[in-house]
Protein chains: 2
Amino acid sequence: MSVLTSEELLALLAAVGHAQRLRIVGELAQGRLHVSELARRLGLSRPLLYMHLERLEKAGLVAGALELSADGKAMKFFELLPFDIHVTVDTVLTALREDQALAAGAERGTAEKGKRT
Amino acid sequence: MSVLTSEELLALLAAVGHAQRLRIVGELAQGRLHVSELARRLGLSRPLLYMHLERLEKAGLVAGALELSADGKAMKFFELLPFDIHVTVDTVLTALREDQALAAGAERGTAEKGKRT
DNA sequence: TCCACCTGTAATTCAAATCTGACAGGTGTC
DNA sequence: GACACCTGTCAGATTTGAATTACAGGTGGA
């Protein structure tokens with residue numbers, strides 16, 4: 001995952017740092033599932049599950065795909081993407097510095113990430 | 001950190017998964033500081049900082065100690081504890097299983113962590 | 001005594017995240 | 001047509017977390 005801004009790092013940590021989402025990850029670890037089935041297994045309402053999945057997806061932890069089942073029903077399958085979150089003091093410091101670099105760049109009008117002078 | 005319950009894992013992730021707390025960690029990475037000084041550097045109100053520090057301390061990321069300065073003033077110093085958060089699918093699955101084990105144990109009245117039959 | 005520091009907490013407001021219930025729409029089967 | 005599935009979204013209640021203000025108390029020095 002190379003260098004993360006603190007925004008990306010936070011999205012990742014906040015996404016996985018929640019009881020329900022941890023359970024979602026645990027369930028999807030055993031294989032891809034469509035939303036309704038997942039909702040049933042976890043005992044969550046479907047709208048709520050959508051919200052959590054959206055968060056996980058934005059953080060890059062899961063991926064969803066709408067598929068047509070054999071009998072023509074639309075089904076949204078979600079699968080777990082391989083991830084390996086590693087956070088140390090350096091990770092944090094690097095992310096914070098990346099922010100400063102971006103902010104400085106934005107002030108000068110060159111807001112390209114990772115670019116440093 | 002050996003085996004974590006999901007509660008401990010969540011405490012850790014939620015603690016570090018917040019913008020202000022990330023900044024706190026970043027500041028403490030450069031050395032121990034007392035609360036008022038830290039508040040000044042980050043531009044946070046002291047009560048708010050207390051709340052964040054409490055969270056970080058409960059998660060085991062920082063440690064606070066009340067000390068007497070040379071001129072006799074009470075000062076609460078906080079320092080960053082070494083940490084190395086590593087989260088993969090296995091971490092999550094292990095944590096969830098640990099929960100089940102604890103829950104099962106609690107039902108039988110033997111709520112000791114890590115004990116498995 | 002007054003001022004400049006410090007710690008600690010209670011009360012309260014405010015914002016954001018979480019969660020529920022209800023709706024609209026689609027397909028296939030009995 | 002009625003039913004059992006599925007997706008998707010919105011409005012609103014509720015809960016949690018974040019943040020401010022205000023207070024009480026302590027020390028040392030001018």
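Residue numbering restarts at 1 for every chain, and letters A, B, ... go by the order of the sequence lines. It should be emphasised that the depicted structure is a prediction, and the values quoted were computed from it without experimental measurement.
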(message) Using a 4.0 Å heavy-atom cut-off to protein, can you give one letter per nucleotide of nucleotides 18-30 of chain D, 5' to 3': B if the base is in contact, S if only the sugar-phosphate is, - if neither?
(response) SBBBB----BS--
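Within residues 26-35 of chain A, no residue has a heavy atom under 4.0 Å from DNA chain C.
One finds no salt bridge joining B/E8 and B/K58 here, because no Lys/Arg side-chain nitrogen approaches an Asp/Glu carboxylate oxygen to under 4.0 Å. Contact check on B/K76 versus B/E37 returns no salt bridge, with no Lys/Arg side-chain nitrogen under 4.0 Å from an Asp/Glu carboxylate oxygen.
Between A/S69 and C/dT27 there is no side-chain polar atom (N or O) within less than 4.0 angstrom of OP1 or OP2. In terms of phosphate contacts, A/S36 brings a side-chain nitrogen or oxygen within less than 4.0 Å of OP1 or OP2 of D/dT7.
Clustering of Ile, Leu, Val, Met, Phe, Trp and Tyr by side-chain heavy atoms under 4.5 Å joins B/L81 with none of the others.
Note that CD of A/Q30 is 7.5 Å distant from CZ of A/R41, once rounded to the nearest 0.5 Å.
In this structure, A/R23 contributes its side chain and A/L42 its backbone to a donor-acceptor pair below 3.5 Å.
Within 6.0 Å of atom CD in B/E67, more than 12 heavy atoms from other residues, nucleotides or ligands are found, so the atom counts as buried in its surroundings. Taking a 6.0 Å sphere around CD of B/E79, one finds it holds more than 12 heavy atoms contributed by other residues, nucleotides or ligands.
Using a 3.5 Å distance cut-off with no hydrogens or angles, the side chains of B/T88 and B/D90 do not pair a donor with an acceptor.
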